[in-house]
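All values reported here derive from a predicted model rather than from experimental measurement.
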Amino acid sequence: MRTRPPMGFVQRLRRAGRLFVGGLLLALLAACAQIEVSNRPVEPVVRSVPVPADWDATSARDLHLESAHALRQSLLEPSTRIEAIDADAFWAAADPTGLGRQPMRISEIVAPAARARLAALGIRFLIVLAPLTGTQHELTPNPFYARDRKTTTRSAVLVDLASPGEAPTRIVSVAIGESRDVWFPGGPLLFARLHSTADTEGSALKGLGRALSERIQASSPHDTVRLAILPEP
């Protein structure tokens, strides 16, 4: 007649088995090294395009503050002759009653009465920043190699308050970059993952800022130029 092993022995055996399996999984996970190369800048393609005659965007006080701040930094970095006016001062002049709490059309902001108040602050240009647009496409679906292409577009309309009869210009900056995930063996039970991403959003915005800065400085080679950044909804 067979005798069963003591219950304590069975429990210890099961516990040892669980510890062995858990340790093996941890060892396998530890053997997978990860190398990350994130936010690689890419060189954007920048061009200017005409603005339709019926263009009349809107803006308000607290729209897309982060993007406006980033564009401001891109504008000020290459030049000490550009000044971006504070939003409080701008909206106090452009909209003395509502202070920009409600969306205003650009046609209202550049109307003669508002234009005179902005001129008193020394504002020469308005930069109307359009929302970010982007696409992403999977190029190579594969368990060991994946590649995505991302396209980001940032654009802004440059309005010259000193030239009321001059049509505004839209500057468009397009950044295209690829993200890659690659798994490759590094030895017995050892795998490495290389993860690389492209910073298309930051690159497109910086390219836009550089192009705007160059155009603004060319319009006034020697004087300090004041402007306001107005993000669209």
Share the residues that join [X] in a hydrophobic cluster, the rule being Ile, Leu, Val, Met, Phe, Trp or Tyr side chains under 4.5 Å apart at the heavy-atom level.
X	value
L99	none
M104	V51, W55, I85, F90, W91, I106, I109, V110, L118, L121, I123, L126, V128, V157, V159, L161, L230
L63	none

For residues [X] and [Y], report the shortest heavy-atom separation together with the two atoms involved.
X	Y	answer
A57	E232	CB-CD, 3.6 Å
G177	A198	CA-CB, 3.8 Å
H64	P233	NE2-C, 3.5 Å
A156	L129	CB-CA, 4.1 Å

When T153 is tested against each of I176, V172, L208 for side-chain contact (heavy atoms from CB on, under 4.5 Å), which residue passes?
->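 The passing option is V172.
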Per the side-chain contact (heavy atoms from CB on, under 4.5 Å) rule, which among I229, L158, I82, L212 passes with F125?
->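 Only match with F125 under side-chain contact (heavy atoms from CB on, under 4.5 Å): L158.
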Give me each pair satisfying salt bridge (Lys or Arg N to Asp or Glu O under 4.0 Å) with a member in [range], each pair once, sequence neighbours excluded.
range	value
residues 158-169	R124-D160
residues 212-223	none
residues 94-106	none

Let me confirm one number: the [atom1]-[atom2] distance from [X] to [Y], rounded to the nearest 0.5 Å.
X	Y	atom1	atom2	answer
T133	R154	OG1	CZ	8.0 Å
I171	S155	CD1	OG	9.5 Å
E108	S59	CD	OG	11.5 Å

Ignoring hydrogens and geometry, is there a side-chain-to-backbone donor-acceptor pair from [X] to [Y] under 3.5 Å?
X	Y	answer
R72	A84	yes
S74	A70	yes
S219	I216	yes
R40	E178	yes

Just jot down the side-chain contact (heavy atoms from CB on, under 4.5 Å) partners of A114, sequence neighbours excluded, or say none.
->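 So A114 forms a side-chain contact (heavy atoms from CB on, under 4.5 Å) with R117.
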Kindly write out the residues that satisfy salt bridge (charged side-chain N to carboxylate O under 4.0 Å, His left out) with D62, not counting sequence neighbours, or none if the list is empty.
->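 Partners of D62 under the salt bridge (charged side-chain N to carboxylate O under 4.0 Å, His left out) test: none.
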Set of residues satisfying side-chain hydrogen bond (donor to acceptor under 3.5 Å, both in side chains) with respect to [X], sequence neighbours excluded:
X	result
S107	D56
S173	none
Q102	none
S203	none

Test: K150 and E201 ion pair at under 4.0 Å =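 Answer for the salt bridge query: yes.
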Is V174 reachable from L205 through a run of hydrophobic residues whose side-chain heavy atoms are each under 4.5 Å from the next?
->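 Result: no, two separate clusters.
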Between V42 and V46, is there a shared hydrophobic cluster once you connect ILVMFWY residues whose side-chain heavy atoms come closer than 4.5 Å?
->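 Looking at the clustering, V46 is in a separate group from V42.
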Can you find a pair of side-chain heavy atoms, one from T169 and one from P50, that are under 4.5 Å apart?
->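 The answer is no, as the side chains (C-beta and beyond) never meet within the 4.5 Å cut-off.
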